[in-house]
Engineer: 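Structure below; questions to follow.
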Amino acid sequence: MNFRSTFIIIIILVGIMATYFLFFNEPADDTLKNNKPRISETYDLPREEIQKVRLAYADNAYQTLTIAKNANSMWQLTEPFEAHADTAKVYEVLDDFLNKRIKQTLEVPEYEQYGLEQPTIKIELWKDPKNVPKTFLIGKKGVNYSVYIKEQSEAHIFLIESSVFDNLTKAPADIRDKSVIKFNPNSIIDLQYQKPEELSCTKDGDRWKMTYPLTVNADTEEIEYILSELNSLQVSTFEADGENVTPLLEKYGLDKPRIQFTLKNKNKRYKLAIGAAVPTTSDQDNENKQNVYVHAIHQGGIYTVSDDIVGLLNKTVFDLRDKRVLDFQRSDTVKFEIQKGNQKIVGIKLDDTWELQGTEKVLADTQSVSDLLFGVDSLEAVAFITNSDKNRVFYGLEKPSIKVIFTVQGATQTAELHIGNYEEDNNTVYVKSNFSDQITRVKRALIDKIAKGETWLRNRQIFKFNIDDASRISVKYSDDSKENEGESFTCQRLGTNWRLTFPVKEDANNTEVNRLLYELIDLRAEEFIGSSFTNNINGLSDTITGFNSPQIQITVELRTKKVYTLQIGSLESSSNYYARLKNQPNLIFLLNAEEIPKLRTKLEWLRDTEAK
C-alpha cells in the first residue's frame with residue numbers, strides 16, 4: 001500500500017470518528033442533559049401548586065379528561081364523569097410532564113409541519129382555576145426520540161422527550177381511584193340495609209345502636225370491621241360510568257340486587273348494590289377467582305369487584321345486633337359468686353391472685369378465673385328468644401339453676417348471668433342477664449365449666465409445701481416385679497440428709513430423693529373431675545379409676561405432721577391418668593401421662609453408692 005492510499009484511509013477514519021462524536025456519542029455523564037431547564041422551572045409550574053388539569057386528544061378513541069382538586073384538596077375526576085381520582089396517579093402524570101427537560105428551542109415561521117396546528121395532545125394546567133391556564137400543545141415526533149411542543153401563548157417551539165406521549169395518553173380508569181367507595185370509616189354515622197333484610201343502625205358516641213326493626217345495641221366491632229374492610233376494597237374493572245346506567249342494570253343482575261345498603265356521614269350519602277357474579281372462563285375457574293357486579297348508585301358507576309364483598313356485606317339483623325349477653329368491666333371485678341341452689345362459691349381478688357371461699361379457703365387457678373371473667377364478658381348468643389319475658393318458667397329462668405354474680409369496683413349494681421335449661425339439642429343453654437329481659441341461647445362449653453364450680457376454679461397445684469418441709473416420703477408401686485416399674489421404698493430425713501428405712505436401712509442418695517420431691521411440688525392437675533356442687537365423680541367407681549389398686553401411691557409427711565398421699569390410678573380415655581389425694585377421695589383429677597415416668601424411681605438410684 002502506497003503513501004497516498006494510507007493517507008486517504010486515515011482521512012476517512014478521522015471523518016468517521018468526528019461524525020460519531022458530533023452526532024452520536026453522548027457525554028459519559030448527564031451534565032449536558034441536566035443543564036437543560038425543566039418545564040416546571042421554565043413556566044413556574046411547581047407540582048404542588050397545580051389545582052386543575054385538562055387533557056384533550058386528537059384521537060377520538062380517547063376521552064377528554066379533567067381533574068381538579070376539591071375543597072378538601074383531594075383530586076377529583078370531573079370530566080367525562082365525576083369520580084375520585086388516585087392522587088398518586090395524578091402526581092405521576094404531572095411529574096412525568098413537568099420534569100421533562102427542554103432539549104432545544106426553535107424559532108419557526110409556521111407550525112403545521114410540526115403537528116402543532118392540530119396537536120396530538122393538549123394539556124392545560126391551572127394554578128388558580130379562576131385564571132387562564134398554561135396550555136401546551138404537543139405535536140409530531142422529531143429526531144432523537146423528541147417531540148415538538150409549544151406553549152400556546154408563545155411564538156417559539158421546543159423539543160422534549162417523546163415519552164410524553166405515553167405519559168399523557170390516559171383513559172379515565174388509568175387515573176381514577178379504585179376504591180369501591182371512597183370514604184372515611186370514622187365519619188359514617190348511619191347504616192341502612194334494604195337487602196337482604198331491612199335494618200338501620202346509628203352511631204351514638206363511640207357505640208352503634210340498631211334502630212330498626214329492633215331498638216337494641218348493635219355489634220360495634222362488627223360494623224367497624226365492615227366499614228374498614230369496605231374502605232379498602234378495590235375495583236377490579238370499571239364497566240360503565242355516569243348516572244344513566246339504568247338500561248344496564250338487568251344485564252348485570254343489578255335491577256334486583258341481592259345486597260343493597262346505604263352509608264351516610266354528615267355531608268354525603270353512599271349507596272351500593274351488589275348484583276350477579278361475573279361469568280368466568282375455565283382458566284379463571286381453575287384459579288378460583290370470582291368477581292361480582294356492583295352498582296355505586298350515588299355516582300352511577302357499575303364495576304366488578306372481588307366476591308369477598310358478598311361475604312363482607314351479606315348481613316342480617318342477627319349478624320349486626322350486639323350478641324353479648326352480659327357487658328361488665330372484667331378488669332375491675334373484685335368478687336364473683338356462683339350460686340347453685342343453697343350452695344355457693346365465692347371468689348375474692350387478693351392483689352394478683354384469687355381465693356375461693358367455699359367449704360374451705362383455697363387458692364384459685366389464675367387462668368381459670370381469667371377464663372371465667374373473659375368467657376362471661378364475651379359470651380355471645382347463638383339465638384335470641386322472641387317474647388322471652390313471658391316464658392321464663394319454660395326456659396328455666398324464673399328460678400335459674402345457676403347464677404354467676406360479679407361485683408365490679410365502682411359499679412352501683414352487680415352484673416349477673418342467670419343460667420336456665422339446656423335446649424333440646426343439648427348443645428346450647430338458655431341464659432339472660434339481670435340487665436335485660438332478653439333470653440338467649442348460648443353454646444354450652446362455658447356453662448359446663450361453670451357448673452363444675454370449685455373443681456374448675458381451684459388451683460391445680462397438687463402439693464403445697466417447700467422441699468425443706470418434707471420429713472418423710474414413702475412410695476409404693478402396685479407391682480414391683482415388673483421391669484422398670486421401680487421398687488417401693490421409704491425415706492426419712494435426718495438433719496439435712498435422707499436415709500432409706502425400707503426396704504433397706506442405709507443413707508440415701510439426696511439428689512434423687514430431692515428430684516422426686518421437686519417433681520411433686522411442681523405437679524399440676526390437668527383438670528378436676530365432677531362438680532363441687534354435687535360432690536360426685538360422675539358415678540366413677542374405684543374399679544374404673546383404678547384407685548382400688550393404685551399404680552403409684554406417694555405419701556409425703558411434713559415436719560408439721562401434715563400428711564399428703566397421692567394415689568395414681570388407671571389410664572383415662574384421653575390418655576391422662578386418674579389421680580386423687582387420699583384424704584379428699586371425691587376430688588378426683590387427671591394427670592398428664594408424661595408426668596407419670598417422672599414420679600418413678602428405682603431402689604438402686606436411691607442408694608447412696610458414693611457412701612459405700
Side-chain angles (χ1 to χ4, degrees), residues 33 36-69 75-129 131-177 238 241-242:
K33 178 180 178 181
K36 303 293 184 182
R38 300 179 190 273
I39 291 176
S40 61
E41 298 164 346
T42 303
Y43 293 96
D44 186 25
L45 292 170
R47 184 192 75 178
E48 292 74 18
E49 296 183 20
I50 304 299
Q51 301 295 310
K52 182 178 178 181
V53 183
R54 179 177 289 131
L55 291 165
Y57 305 95
D59 188 343
N60 292 331
Y62 291 93
Q63 298 170 288
T64 297
L65 304 180
T66 302
I67 319 149
K69 286 184 178 179
W75 285 100
Q76 298 286 122
L77 184 65
T78 60
E79 186 184 10
F81 49 81
E82 292 187 2
H84 294 285
D86 185 325
T87 298
K89 296 293 185 182
V90 174
Y91 282 152
E92 183 180 309
V93 170
L94 288 174
D95 286 341
D96 286 338
F97 178 70
L98 295 174
N99 289 335
K100 288 286 189 290
R101 295 184 181 275
I102 298 175
K103 292 183 174 182
Q104 185 179 359
T105 301
L106 303 174
E107 300 291 342
V108 297
E110 57 183 32
Y111 306 114
E112 186 175 357
Q113 64 176 314
Y114 303 103
L116 295 168
E117 290 289 355
Q118 295 182 335
T120 305
I121 301 175
K122 180 167 76 171
I123 177 170
E124 299 171 86
L125 303 169
W126 283 264
K127 292 171 66 175
D128 184 347
N131 296 334
V132 176
K134 284 287 185 184
T135 302
F136 296 89
L137 311 176
I138 301 174
K140 296 179 179 179
K141 288 185 178 181
V143 296
N144 295 331
Y145 307 105
S146 296
V147 64
Y148 297 107
I149 182 171
K150 176 182 182 299
E151 198 283 318
Q152 187 168 263
S153 64
E154 295 178 340
H156 66 269
I157 67 174
F158 53 92
L159 293 168
I160 62 172
E161 292 177 13
S162 60
S163 60
V164 71
F165 283 127
D166 293 331
N167 300 149
L168 297 184
T169 303
K170 301 293 181 183
D174 296 330
I175 57 174
R176 70 184 297 181
D177 193 304
F238 297 97
D241 286 294

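Values reported hereafter were calculated over all heavy atoms of this structure, with side chains retained and with hydrogens, waters and symmetry mates removed. Predicted model, so just to flag it, every value in this text is computed and none were measured.
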Engineer: Go through the structure and list residues passing salt bridge (charged side-chain N to carboxylate O under 4.0 Å, His left out) with K127, not counting sequence neighbours.
Structural biologist: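 Counting only residues at least two positions away or on another chain, K127 forms a salt bridge (charged side-chain N to carboxylate O under 4.0 Å, His left out) with D44, E49.
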Engineer: What closest approach, in Å, do I149 and F97 show between heavy atoms, and which atom pair accounts for it?
Structural biologist: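 What the structure gives for the nearest pair is CD1-CE1, 3.7 Å.
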Engineer: Looking at residues at least two apart in the chain, or sitting in another chain, which of them share a side chain to side chain contact (heavy atoms under 4.5 Å, CB included) with N60?
Structural biologist: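 Here no residue qualifies.
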Engineer: Under 3.5 Å, side chain of S146 to main-chain N/O of V143, donor-acceptor pair present?
Structural biologist: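 Checked: pair present.
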Engineer: Any side-chain to backbone donor/acceptor pair from T64 onto A56? Under 3.5 Å, distance only.
Structural biologist: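 Looks like no, no N/O pair under 3.5 Å.
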Engineer: Could you state the interatomic distance from CG (N167) to CD (E161), rounded to the nearest 0.5 Å?
Structural biologist: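 If I round to the nearest 0.5 Å, the distance is 8.5 Å.
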Engineer: Quick one: CD1 on I123 to OG1 on T135, what's the gap to the nearest 0.5 Å?
Structural biologist: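 One finds 9.5 Å between CD1 of I123 and OG1 of T135.
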Engineer: If you look at every heavy atom in F238 and A173, which pair is closest and at what distance?
Structural biologist: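 Residues F238 and A173, closest heavy atoms: CD1-CB, 3.9 Å.
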Engineer: Heavy-atom count check: over 12 atoms from other residues, nucleotides or ligands less than 6.0 Å from K69 NZ?
Structural biologist: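 Check passes, neighbour count above 12.
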Engineer: How many angstroms lie between atom CD1 of I157 and atom CD1 of I102, to the nearest 0.5 angstrom?
Structural biologist: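 Answer rounded to 0.5 Å: 12.0 Å.
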Engineer: Kindly indicate, with the supporting measurements, whether the criterion side-chain hydrogen bond (donor to acceptor under 3.5 Å, both in side chains) is fulfilled by N144 and K103.
Structural biologist: CA-CA 10 Å; N144 295 331; K103 292 183 174 182; over 6 Å; no
Engineer: Any salt bridge (charged side-chain N to carboxylate O under 4.0 Å, His left out) pairs touching residues 165-177, not counting sequence neighbours?
Structural biologist: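 Those involving residues 165-177 are R176-D241, D177-K182.
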Engineer: List the atom pairs, with distances to 0.1 Å, where a side-chain N or O of residues 80-94 and a protein N or O form a donor-acceptor pair under 3.5 Å, not counting sequence neighbours.
Structural biologist:
residue, atom, partner, partner atom, Å
H84, ND1, Q76, OE1, 2.8
D86, OD1, A88, N, 3.0
D86, OD1, K89, N, 3.4

Engineer: Side-chain donor-acceptor pairs under 3.5 Å in residues 110-122, sequence neighbours left out?
Structural biologist:
residue, atom, partner, partner atom, Å
Y111, OH, A155, O, 2.6

Engineer: What's the spacing between R47 CZ and L98 CG if we round to 0.5 Å?
Structural biologist: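 Rounded to the nearest 0.5 Å, the CZ-CG separation comes to 9.0 Å.
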Engineer: Under the side chain to side chain contact (heavy atoms under 4.5 Å, CB included) test, which residues partner K134, sequence neighbours left out?
Structural biologist: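 Expected list: Y43, L45, F136, E151.
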Engineer: What's the verdict on side-chain contact (heavy atoms from CB on, under 4.5 Å) for R54 and E79, showing C-alpha distance, side-chain angles and the deciding distance?
Structural biologist: CA-CA 9 Å; R54 179 177 289 131; E79 186 184 10; 3.8 Å; yes
Engineer: So for atom CZ, which belongs to F165, do other residues, nucleotides or ligands contribute more than 12 heavy atoms lying within a distance under 6.0 Å?
Structural biologist: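 Yes, because the 6.0 Å sphere around CZ of F165 holds more than 12 heavy atoms from other groups.
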Engineer: Can you tell me how far apart NZ (K52) and CG (D128) are? Round to the nearest 0.5 Å.
Structural biologist: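 That separation rounds to 10.5 Å.
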Engineer: Report the distance from atom CD1 of I160 to atom NZ of K36, rounding to the nearest 0.5 Å.
Structural biologist: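 Going from the CD1 atom of I160 to the NZ atom of K36 covers 14.0 Å.
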Engineer: What is the minimum heavy-atom distance between H156 and L106, and which atoms define it?
Structural biologist: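 Scanning both residues, the minimum pair turns out to be CB-O, 3.3 Å.
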